[in-house]
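Reminder, nothing fancy here: chain letters follow the sequence lines and each chain counts from 1. Atom set for the values below is all heavy atoms of this structure, side chains included, hydrogens, waters and symmetry mates excluded.
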Number of protein chains: 2
Amino acid sequence: MLKLTKKADYGLIAVKHLAELGPNGSCSAKDIAEAYHLPAEALAKILQKLVKSKLLVSHHGTNGGYALARDARQISALEVIRAIDGPLFITSCLPYDTGGCEQSGCCTVREPLRQVNESIRALLEDIKISDMRDSRQRHTAAAPTTQLEELVTLR
Amino acid sequence: MLKLTKKADYGLIAVKHLAELGPNGSCSAKDIAEAYHLPAEALAKILQKLVKSKLLVSHHGTNGGYALARDARQISALEVIRAIDGPLFITSCLPYDTGGCEQSGCCTVREPLRQVNESIRALLEDIKISDMRDSRQRHTAAAPTTQLEELVTLR
DNA sequence: CGATGTACGACCTTTTAAGTCGTATATCAA
DNA sequence: TTGATATACGACTTAAAAGGTCGTACATCG
């Protein structure tokens with residue numbers, strides 16, 4: 001029902017953690033798992049996927065670990081999610097090129113849902129790791145909104 | 001991975017079908033199931049949920065069936081989805097009031113994701129059944145965009 | 001070489017989705 | 001009033017996906 005998998009959640013947490021270490025910051029899978037109480041071996045496999053997708057780089061051996069492959073402002077939430085969960089489709093009959101389901105031809109909601117899908121995709125693509133801040137504490141203050149808040153309050 | 005369930009798909013198809021019958025149009029679950037090759041008994045249960053949620057009204061007996069409870073312009077995609085799949089949350093740790101997961105307290109992505117969730121919710125809430133049109137055929141023509149296209153091309 | 005770490009595949013468990021079956025109940029029409 | 005048509009509803013079964021574990025191999029540093 002329109003949920004991210006836990007793997008994607010874990011991935012976002014880990015990437016955000018690496019981002020907060022600053023440029024050249026590095027960290028092992030085990031360290032991240034302990035910091036957020038995540039299953040270490042599951043997280044390791046997620047991080048490996050992110051390396052394959054060129055979002056992270058890995059370093060073997062003593063004091064090894066993972067680091068961002070590029071600036072946090074150039075990594076979108078969509079990229080992380082897509083690297084872990086695969087392409088993002090709101091319904092199983094998307095995308096069009098894979099033949100579609102038994103209902104194709106008489107299904108009248110497919111194209112409208114594709115548009116919705118594209119809209120969500122665009123939203124996630126614009127949200128960069130560097131935008132992800134917890135803004136709850138600032139409710140009373142007249143502080144300027146975060147970039148994420150601006151993006152998310154589109155309409 | 002951010003998918004609607006098939007049940008929600010079926011529900012949207014059925015509600016859209018009823019909408020296309022025009023006001024006072026009525027149709028049995030079996031008719032809809034046959035028209036779109038959907039499992040009849042599963043669809044019936046979905047329609048019953050929509051009746052409970054006051055989106056449809058049902059009529060027993062010969063020539064009975066289901067009909068929209070109100071105008072198609074006043075039924076949002078979100079309402080249909082929520083009636084079938086329950087409340088819409090992008091992650092399992094939302095909403096805040098149910099205690100949260102083991103990571104709460106150290107999870108740094110929860111609030112950003114809540115904002116994303118709210119944005120998607122608002123998007124689906126604005127899309128009414130009457131907005132759901134297939135606009136593929138009009139690619140060549142310089143026709144005005146549909147309401148859905150406007151909504152969906154937010155940015 | 002040994003400690004520390006990533007890399008990777010196989011496997012198991014749990015949860016959720018999806019669909020089926022059986023039965024009860026309401027309504028209309030002949 | 002009886003039979004055909006429909007909805008209403010719960011229990012059950014099957015199938016698929018998510019989530020997590022285990023074992024092993026390989027790379028690097030000190």
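Proximity of a side-chain donor or acceptor of Lys128(B) to a complementary backbone N or O of Glu125(B) within less than 3.5 Å is detected.
Distance CG (Leu43(A)) to C1' (dT21(D)): 14 Å, rounded to an integer number of Å. A straight line from NZ of Lys7(A) to C1' of dT14(C) spans 13 Å, rounded to a whole angstrom. One interatomic measurement links the two molecules: CG of Leu38(B) to C1' of dG19(C), which rounds to 12 Å at whole-angstrom precision. The interatomic distance linking Leu2(A) (CG) with dA18(D) (P) rounds to 14 Å, in whole Å. Straight-line distance from the CD1 atom of Ile84(B) to the P atom of dT16(C): 19 Å, rounded to whole Å. Rounded to an integer number of Å, the gap from CG of Asp31(B) to P of dT5(D) is 12 Å. We find that NZ of Lys49(B) is positioned 13 Å from C1' of dG19(C), with the value rounded to whole Å. Per the geometry, NZ belonging to Lys6(A) stands 10 Å off P belonging to dT15(C), to the nearest Å.
Side-chain atoms of Thr5(A) and Asp85(A) form a donor-acceptor pair, as typed in the model, at a separation below 3.5 Å.
Residues Gly11(A) and Val80(A) share a closest heavy-atom pair of C-CG1, 3.9 Å. Nearest heavy-atom pair across Glu20(A) and Tyr36(A) is OE1-OH, 4.5 Å.
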Scan the side chains in residues 39-67 of chain A for donor-acceptor partners under 3.5 Å anywhere in the protein, sequence neighbours excluded, and list what turns up.
residue, atom, partner, partner atom, Å
Gln48(A), NE2, Ala44(A), O, 3.3
Lys49(A), NZ, Ile84(A), O, 3.3
Ser53(A), OG, Lys49(A), O, 3.1

Under 3.5 Å, N/O pairs linking protein and nucleotides 8-15 of chain D:
residue, atom, partner, partner atom, Å
dA8(D), OP1, Ser58(B), OG, 2.7
dA8(D), OP2, Tyr66(B), OH, 3.1
dA11(D), N6, Lys45(B), NZ, 2.8

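Comparing Leu4(A) and His59(A) by the nucleotide of DNA chain D that holds the closest heavy atom to each, the one mapping nearer the 5' end is Leu4(A). DNA chain D is contacted by both Asn63(A) and Glu41(A); Glu41(A) maps to the nucleotide lying nearer its 5′ end (nearest heavy atom per residue).
Taking 4.0 angstrom as the limit, Tyr10(B) places a side-chain polar atom (N or O) nearer than this to OP1 or OP2 of dG19(C).
Under the 4.5 Å side-chain criterion, counting only non-hydrogen atoms from C-beta, Ile32(B) is in contact with Leu18(B).
Ranking dA3(C), dT5(D), dG20(D) by closeness to the Thr62(B) side chain, first place goes to dT5(D).
Legend: residues meeting side chain to side chain donor-acceptor pair (under 3.5 Å) with Ser28(B), ordered by chain and number and at least two apart, are Asp31(B).
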